[in-house]
Participant: 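Sharing a structure here in structure tokens format.
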Amino acid sequence: VTAEGHRARGVQVGGPVRGPDQALLPVAVVGATGYAGGEAVRILAGHPRVRLSYLASHTRAGLPLAAVQPHLRAAGDLSLAPVDPERIAAAAEVAVLALPAGASAGLAPDLLARGCRVVDLGPDFRLKDGEAWRRWYRSEPAAAEWRAKAVYGLPEVRREEIAGARLVAVPGCYPTAAILALWPALASGLCHPEDIIIDAKSGVSGAGSEPTAATHFCEADENVTPYALAGAHRHTPEIEQELSLAAGGAVTVSFNPHLVPLSRGLLCTCYARLARGADGAAATALYREWYRDAPFVQVLSETLPSTKPTAGANACHVAVRVDGRTGRLVACAAIDNLQKGAAGQGVQALNLMAGWDETAGLGRLGMYP
Ligand SMILES: NC(=O)c1ccc[n+]([C@@H]2O[C@H](COP(=O)([O-])OP(=O)(O)OC[C@H]3O[C@@H](n4cnc5c(N)ncnc54)[C@H](OP(=O)(O)O)[C@@H]3O)[C@@H](O)[C@H]2O)c1
């Protein structure tokens, strides 16, 4: 979305928004009944430059949004409408899609063909390699043309590309934390690109709002469970795709996720072999320099990241340590999986696409306790 494009359409860009509702950018949320879509609505309802113009549900069109998302009652008199590309594109300049894997592959190109920009919170356009999609998702990939054109939406490493994109593939929650934890070390040659271990923990909302046996209260509460170990998790190829770009050569990772008894929150602890001598202070200084202009990444030095301080905020807390005894770099990142891990990051990308301040409408302060 260029500033010129908005002006041509009568949408206000630049400067504070003072006018009536029509001056705001009309945005649709498709999948507004889910966890990620609901969080997108929560953020966008308070965004100073956005008007929620269409909220779509696959199976619950016709219901008031508050019937499904009672915490959003004060967002206004909002109702759910069908997932109809013609109506969505007529109502909105940008559509945020928060749909299960495979559901955006057909819808996004349809919206794009009708002139609507797309911020996809799902995985359909993240992998450039169609074979990798087939292997991990066991289905046909989205159209090669749009996979090639989609910009992987991690603003901390791809700010300019996102600003010019029509389709942004917002990273998954685990990849966001893992990539932000490892990118500076790989890009600067501080660690080796092979033999990287990512030990990850996610709260239960990461699995979506559809209940399963694993997310049943009695299974998830007071329990910590590994799952999809040893390269079985679908986020593995996405992490490797992006970290290979950081390292300038193939990176393979051992990515091992765990389900922990939290509603929100995700922590990655990453282990990599040091490629050159450095102590903790030097590694922290390197990370600070790398993220100097990244408003949502806080590099900690005295304390270590934990999930709770990031809850409700589009924040990533990162820390790095050097284990001189084993020659390993240990890097941690904590995020709220629904904020920096999904909807918050999606709005961060939307802000860049619209030519606005990256932080518009987004909170950087966590809720505590
Ligand atoms: N949860 C997270 O922490 C997180 C983080 C990063 C990325 N994501 C990604 O965001 C997407 C949504 O995740 P979620 O956790 O919000 O899932 P969710 O709570 O299960 O919500 C899924 C949404 O998709 C809609 N939907 C289901 N099948 C559909 C179909 N065939 N066509 C159109 N809409 C359909 C549902 O609508 P109705 O039920 O109203 O019909 C619902 O609104 C996923 O791709 C996920 O990987 C999630």
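Computed from heavy atoms alone, side chains included, the values below leave out hydrogens, waters and symmetry copies. In listed order, ligands and their atoms are each counted from 1.
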Participant: May I have the list of side-chain donor-acceptor pairs in residues 28-41 shorter than 3.5 Å, sequence neighbours left out?
Facilitator:
| from | atom 1 | to | atom 2 | distance (Å) |
| --- | --- | --- | --- | --- |
| Glu39 | OE1 | Arg42 | NE | 3.1 |
| Glu39 | OE1 | Arg264 | NH2 | 2.9 |
| Glu39 | OE2 | Arg42 | NH2 | 3.1 |
| Glu39 | OE2 | Arg264 | NH1 | 2.9 |
| Glu39 | OE2 | Arg264 | NH2 | 3.4 |
| Glu39 | OE2 | Gln339 | NE2 | 2.8 |

Participant: Taking a 3.5 Å cut-off between nitrogen or oxygen atoms, can you list every pair linking ligand 1 to the protein, with distances?
Facilitator:
| from | atom 1 | to | atom 2 | distance (Å) |
| --- | --- | --- | --- | --- |
| ligand 1 | 1 (N) | Ser205 | O | 3.0 |
| ligand 1 | 3 (O) | Asn337 | ND2 | 2.8 |
| ligand 1 | 16 (O) | Tyr35 | N | 3.2 |
| ligand 1 | 16 (O) | Ala36 | N | 2.8 |
| ligand 1 | 19 (O) | Tyr35 | N | 3.0 |
| ligand 1 | 19 (O) | Ser209 | N | 2.9 |
| ligand 1 | 19 (O) | Ser209 | OG | 2.6 |
| ligand 1 | 37 (O) | Thr33 | OG1 | 3.2 |
| ligand 1 | 39 (O) | Arg60 | NH2 | 2.8 |
| ligand 1 | 40 (O) | Thr33 | OG1 | 2.5 |
| ligand 1 | 40 (O) | Ser57 | OG | 2.6 |
| ligand 1 | 40 (O) | Arg60 | NE | 3.1 |
| ligand 1 | 40 (O) | Arg60 | NH2 | 3.4 |
| ligand 1 | 41 (O) | His58 | N | 3.4 |
| ligand 1 | 41 (O) | Thr59 | N | 2.7 |
| ligand 1 | 41 (O) | Thr59 | OG1 | 2.6 |
| ligand 1 | 43 (O) | Gly31 | O | 3.2 |
| ligand 1 | 43 (O) | Thr33 | OG1 | 2.5 |
| ligand 1 | 43 (O) | Gly34 | N | 3.2 |
| ligand 1 | 45 (O) | Leu99 | O | 2.6 |

Participant: Quick check on side chain to side chain donor-acceptor pair (under 3.5 Å): which of Glu238, Glu242, Glu161, Lys128 does Tyr152 satisfy it with?
Facilitator: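 Of all the options given, the one that passes is Glu238.
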Participant: Relative to the ring of His47, is the ring of Trp356 parallel (under 30°), tilted (30 to 60°) or perpendicular (over 60°)?
Facilitator: tilted
Participant: Taking salt bridge (charged side-chain N to carboxylate O under 4.0 Å, His left out) as the cut-off, I'd like each qualifying pair that reaches into residues 175-185, sequence neighbours left out, listed once.
Facilitator: none
Participant: Any ring pair (Phe, Tyr, Trp, His ring centres under 6.0 Å) involving residues 94-113? Give me the pairs, sequence neighbours left out, ordered by first then second residue.
Facilitator: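 Non-adjacent pairs meeting ring pair (Phe, Tyr, Trp, His ring centres under 6.0 Å): zero.
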Participant: Any side-chain donor-acceptor pair under 3.5 Å between Gln345 and Thr176?
Facilitator: yes
